[in-house]
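Each remark here refers to the structure printed beneath this line.
The shown structure was predicted, so the numbers you read here are calculated from the model rather than taken from an experiment. Throughout, residue positions are numbered sequentially from 1 according to the sequence presented.
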Amino acid sequence: MNAISFLIATFGWSIVHSIWQIALISILVKVLLSLFSKGSSSMKYNIVLGGLFAAFMAFVITFYISADQRIALLDTHEVFNGASAEQARSLQAFTSSDTPLYAGGQNDGIRTFMQRIDGSLGYIVALWFAGFLFFLIRFLGGYLYIYRLRNIHSSRVPEKWQAVASKIRSGLNLTKTVTLMESAKIRIPIVIGHLKPAIILPLGLATHIPFNQLEAILVHEMAHIRRNDYLVNLIITSLEWIFFYHPLFWWLSKSLDHFREHCCDDIT
C-alpha cells in the first residue's frame, strides 16, 4: 500500500466514524443545554464551543487510531508474506480463533458492511475533498469581500464619533486600538479584524439614530472584540470546511452564533 492509499483509507474511516461521533456529541450538548437552561449565555456558549472542539478532537484521535491499526495490519501482512507455508497456516488459525468479529453468524453481516465501506473510501474522500474545496473557495471569496470592504469601500467616521468609540473602549478595558468606520455597502454593523479590529457602521447610521442607541451598538460590537469573537469565528469556520457534511455540526455552529450574540447583549 502506497502513502496515498494509506492516507485515503485512514482519512476515510475518520470521516465515517465522525458521523456517529458528532451525533453523540450533539446529543450530549443538547442535554447539557437543557440541564442548564437557566444558566448564563456565557455558560451555554462555552458548552457549545466545547462540543465543537470535542468533535474535532474525536476526529483527530480517530485518525491516529485508524492509522495505527492500519500500520499494525500491514505489519501482520508482512509476517504472513515472510513465513513458511506451515507457519502461515498456524498464524491464520491463531488470528481466526482470536478475532470473533470475523468469526461467523451474525458478525458476517458486520464484516460485509465494513468491507463495503472500506471499498468505498476512495469515493467518500473524493466527495469530501470536493465539498472542502467548495467551502474553502467560498471563504476566500468572503475574505476578499471583507478586505475590499475595509480598505476600499469604507471611510473613517467624523472624529466626534471616534472619540465616543474610544471612551467606550476604555470603559470595557480594551487594550486594542479600534477604528470606527462607515460604509454604504452594508446594512448592519460588523466587526472586522482581530489584531487591528475595525467596527464598520452602515453609512449615515451614526447621524440618524439617537445617541443612546448608537452607544449601545458600539458597546455590543466592542464586546465582540473584547471576547475575541472574530478569531474564534475564523477557527469555527475552518472546522466547517472539514465537517460540512454533517447537519448536526452546522446546528452546533449556528447555536454558537446565537449564544455569542446573547453574551454581547449581556455585556451591553
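- Using modelled atom types, one side-chain atom of S255 and one backbone atom of W251 make a donor-acceptor pair closer than 3.5 Å.
- In this structure a side-chain-to-backbone donor-acceptor pair under 3.5 Å is present from S154 to L149.
- Under the 4.5 Å side-chain contact rule for hydrophobic residues, Y45 and F53 share a cluster.
- Distance alone, capped at 3.5 Å, is enough to place a donor-acceptor pair between the N151 side chain and the Y147 backbone.
- A tilted orientation is assigned to the rings of H262 and F259, their planes being inclined by 30° to 60°.
- A donor-acceptor contact shorter than 3.5 Å is absent between the side chain of W250 and the backbone of P247.
- Side-chain atoms of Q162 come within 3.5 Å of backbone N or O of L180 as a donor-acceptor pair.
- Using a 4.5 Å heavy-atom cutoff, the side chains of W161 and L201 are not in contact.
- No donor-acceptor pair closer than 3.5 Å links the side chain of S66 to the backbone N or O of T62.
- Residues H194 and N228 form a side-chain contact, since some pair of their non-hydrogen atoms from C-beta on lies under 4.5 Å apart.
- Counting heavy atoms from C-beta on, the side chains of I217 and L205 come closer than 4.5 Å.
- Remark: side-chain polar atoms of S18 are not paired, donor with acceptor, to backbone N or O of F59 under 3.5 angstrom.
- In this structure, I117 is a member of the same hydrophobic cluster as L7, with clusters built from ILVMFWY side-chain heavy atoms closer than 4.5 Å.
- Around CD1 of I4, the count of heavy atoms belonging to other residues, nucleotides or ligands within 6.0 Å does not exceed 12.
- Counting heavy atoms of neighbouring residues, nucleotides and ligands inside a 6.0 Å radius, atom CD1 of I188 does not exceed 12 of them.
- For the atom pair L52 CG and I235 CD1, the distance stands at 11.5 Å (nearest 0.5 Å).
- The backbone N or O of Y123 sits nowhere less than 3.5 Å from a side-chain atom of S120 that would complete a donor-acceptor pair.
- In this structure, H220 and D265 have side chains that are in contact, with non-hydrogen atoms separated by less than 4.5 Å.
- Residues W128 and F244 are in side-chain contact: their nearest non-hydrogen atoms beyond the backbone lie under 4.5 Å apart.
- Judged by distance alone, with hydrogens and angles left aside, the side-chain atoms of T207 form a donor-acceptor pair with the main-chain N or O of G204 at under 3.5 Å.
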